[in-house]
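Worksheet for the structure shown next.
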Amino acid sequence: MTTKLTPQSEDFSKWYNEIVYRADLAAQSPVRGCIIFKPYGYEIWENIRAFLDRRFKETGHQNAYFPLFIPESYLKREAEHVEGFSPELAVVTVAGGQVLEEPLVVRPTSETVIGEAFSQWIQSYRDLPLLINQWANVVRWELRTRPFLRTAEFLWQEGHTAHATHDDAEAETLQMLDIYAELAIDGAALPVIKGQKSNIERFAGALRTYTIEAMMRDTKALQSGTSHNLGQNFAKAFDIKYLSRNNELEYCWTTSWGLSTRMIGAIIMAHGDDMGLRLPPRLAPIQVVAIPVYRDEGEHSQVMPVIDRLTRELRAAGVRVHVDNREETPGFKFNDWEMRGVPVRLEVGPKDVANGKAVLARRDMGKEGKQFVAQEGVVAAVRDLLDAVHANLLAQATAFRDANIHTVTSYDQMKQVIETGGWARGYWAGSDEDERRVKEETGATLRCLPLESAQERGTCFYTGQQGGRIALFGKAY
RNA sequence: CGGGGUGUAGCACAGCUGGCAGCGCGCCAAGUUUGGGACUUGGAGGUCAUCGGUUCAAAUCCGGUCACCCCGACCA
């Protein structure tokens with residue numbers, strides 16, 4: 001018998017590490033801080049990718065691909081940018097058996113190469129907006145890594161756009177943030193909060209950074225996607241200029257936005273329970289696992305035609321189905337697929353064959369989630385169940401999040417909230433220095449200034465100043 | 001980068017007062033099982049991280065090196 005997972009309540013971090021390997025999402029690699037994405041984990045990424053790629057194209061973006069290597073000098077052109085990334089760069093100094101004249105940096109992000117290309121491509125206001133995305137791997141030599149959440153090499157998409165005006169760039173930045181929120185909420189069943197980052201948490205070289213923040217089941221925050229309005233900083237550093245309608249040479253306004261395989265970590269930690277993963281149906285590699293139940297050859301030959309027919313019908317309806325034909329007991333398979341988080345299980349046994357029925361069980365509920373359905377009704381019932389599972393995961397995560405966000409009006413209250421676990425929500429008008437001090441003293445960072453309460457003003461819980469904006473503080477991954 | 005820990009079969013580990021390389025899970029075969037983690041019997045599988053030292057003899061003792069993991073500070 002295989003042993004159970006470490007319960008979340010006992011050691012969340014241990015639970016997470018175990019589930020990543022037990023659910024067959026990833027394997028350890030020979031390289032420090034890097035993981036092997038196993039097929040089951042990679043397919044979640046493929047589904048995230050399909051969702052986003054479709055939305056990017058619908059909003060007028062095109063995919064391109066830029067080189068993995070970036071001349072070291074490029075990084076140095078935007079001062080804040082180098083400073084932000086230099087400690088975590090991997091650099092190639094020898095290639096082809098020779099010491100390179102100029103070292104090549106393995107990209108930590110591609111603003112610089114893409115900025116350089118944009119400066120060539122853009123001449124006129126007629127070339128704008130330029131809307132490019134790339135699906136790529138990037139490397140950041142982090143000191144401390146965790147599977148999916150922070151790996152030395154990770155997969156992501158990075159969008160890079162150039163616009164004629166600040167307002168166009170700002171609209172693009174917010175549009176892409178909305179698409180990330182769509183993926184999170186409609187795809188991953190993650191109730192994220194859209195917000196703006198503080199000066200301290202802003203992307204190196206950006207004018208403004210927006211984020212979607214999600215709460216994990218240990219109440220820690222996870223930044224799950226970011227969108228930056230880069231202002232004219234990169235345009236100036238890379239000489240991205242266009243000739244306006246008035247025949248004047250102007251700098252472009254650029255944006256960049258990215259979402260990474262970290263999202264997989266968010267899904268694991270926001271929905272998983274002590275039985276294993278609970279995957280959101282729309283991103284799950286397998287939406288329905290079909291398990292035949294039989295005792296001997298005779299029963300097997302009765303049950304399989306029904307399984308085959310139902311899975312064929314489900315596939316025709318666009319449902320991702322897997323039939324588990326392994327020679328294991330049903331009980332073993334139930335537990336195994338619960339570990340892997342498959343949203344719906346279909347069982348067909350001899351009794352069901354006799355009654356014209358099938359069993360459907362949903363992963364998001366306990367043993368109560370089991371029901372008998374007429375075989376003719378399986379496709380419709382599965383469709384409903386997949387939607388119901390999505391809705392329930394979202395509702396549970398939302399309820400959990402809201403129960404763990406506490407309004408604070410004083411620093412003492414805020415410290416109390418952070419200490420007991422959860423996010424503190426209160427008016428904030430502090431300086432960068434104040435924010436650093438709060439971080440030092442409490443371990444919590446300013447996660448974001450939520451967009452939905454951007455207009456509200458009140459007395460800062462820390463400085464007592466008027467005119468504070470609503471801010472969320474919490475410990476983060 | 002600081003602190004802690006671990007390297008022994010695919011995985012998780014025991015063996016560490018030197019003396020034939022082990023257990024559990026997994027894997028292979030046969031049989032009995034199968035509606036919530038089956039059982040029996042028989043098998044396969046090892047550069048004990050690495051380099052050096054002590055010894056008749058080293059997984060075990062001594063020294064060096066490397067790697068990985070965990071906890072913090074830095075970060076998507």
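These numbers come from the heavy atoms of this one structure, side chains and all, not from hydrogens, waters or symmetry mates.
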Give me the distance, rounded to whole Å, that separates [N] from [M] when you measure between the [atom1] atoms they each carry.
N      : M      : atom1 : answer
B/rG43 : B/rG2  : C1'   : 50 Å
B/rU6  : B/rC16 : C1'   : 15 Å
B/rG24 : B/rU65 : P     : 39 Å

Any side-chain donor paired with an acceptor under 3.5 Å for [X] and [Y]?
X        : Y        : value
A/Gln157 : A/His61  : no
A/Ser110 : A/Gln134 : yes
A/Thr255 : A/Thr161 : yes
A/Tyr411 : A/Gln416 : no

NA contact type, [X], heavy-atom cut-off 4.0 Å: base, sugar-phosphate, or nothing?
X        : value
A/Thr151 : base
A/Gly258 : nothing
A/Phe203 : nothing
A/Lys351 : base
A/Val138 : nothing
A/Arg146 : sugar-phosphate

Carboxylate-amine/guanidinium contact A/Arg312 A/Asp308, below 4.0 Å: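 Result for this pair is no, no salt bridge flagged.
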Identified pairing partner of [N], criterion: Watson-Crick or G-U wobble below 3.5 Å:
N      : result
B/rG63 : B/rC51
B/rA30 : B/rU40
B/rA73 : none
B/rC68 : B/rG5
B/rG35 : none
B/rG19 : B/rC56
B/rC25 : B/rG10

Given the ring of A/Phe473, does A/Arg425 sit roughly above its face, with NZ or CZ under 6.0 Å from the centre of the six-membered ring and within 45° of the axis?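 Judged by the rule, A/Arg425 and A/Phe473 form no cation-pi pair.
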Considering only [options], which nucleotide approaches the side chain of [X] most closely?
X        : options                : answer
A/Lys370 : B/rC71, B/rG36, B/rU34 : B/rG36
A/Arg144 : B/rU34, B/rG72, B/rG36 : B/rG72
A/Asp352 : B/rC74, B/rG37, B/rG35 : B/rG35

Starting from the 5' end of RNA chain B, give me the residue, A/Glu327 or A/Gly331, whose nearest nucleotide shows up first.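 Looking at the nearest nucleotide for each, A/Glu327 comes out on the 5' side.
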5'-most contact on RNA chain B: A/Ala361 or A/Gly225, nearest heavy atom basis?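 Comparing both residues, the 5'-ward one is A/Ala361.
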Between [atom2] on [N] and [atom1] on [X], what's the gap in Å once rounded to a whole number?
X        : N      : atom1 : atom2 : answer
A/Arg326 : B/rG26 : CZ    : P     : 12 Å
A/Glu328 : B/rG35 : CD    : C1'   : 16 Å
A/Leu149 : B/rC69 : CG    : C1'   : 16 Å
A/Asp24  : B/rG10 : CG    : C1'   : 13 Å
A/Phe12  : B/rC70 : CZ    : P     : 15 Å

Check: A/Asp336 side chain, B/rG37 base, donor-acceptor under 3.5 Å: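 Side chain to base: no pair below 3.5 Å.
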Using a distance-only criterion (donor-acceptor N/O pair, under 3.5 Å, no hydrogens), is the base of B/rG36 paired with the side chain of A/Glu338?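 Check passes, donor-acceptor contact within cut-off.
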Given B/rC71, is OP1 or OP2 found less than 4.0 Å from the side-chain N or O atoms of A/Ser13?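 For B/rC71, OP1 or OP2 has a side-chain N or O of A/Ser13 closer than 4.0 Å.
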Contact list please: residues 277-311 of chain A against RNA chain B, heavy atoms, distance less than 4.0 Å, in numerical order.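 The answer is A/Val293, A/Tyr294, A/Arg295.
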Out of A/Arg217, A/Arg401, A/Arg278, which residue meets the side chain to side chain donor-acceptor pair (under 3.5 Å) rule with A/Gln396?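 Testing each of A/Arg217, A/Arg401, A/Arg278 against A/Gln396, the sole residue satisfying side chain to side chain donor-acceptor pair (under 3.5 Å) is A/Arg278.
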Taking side chain as C-beta onward, heavy atoms only, is A/His160 less than 4.5 Å from A/Phe118?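 With C-beta onward as the side chain, the pair touches.
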Could you name each residue pair satisfying ring pair (Phe, Tyr, Trp, His ring centres under 6.0 Å) that touches residues 280-303 of chain A, not counting sequence neighbours?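 Matches after skipping sequence neighbours: A/Tyr294-A/His300.
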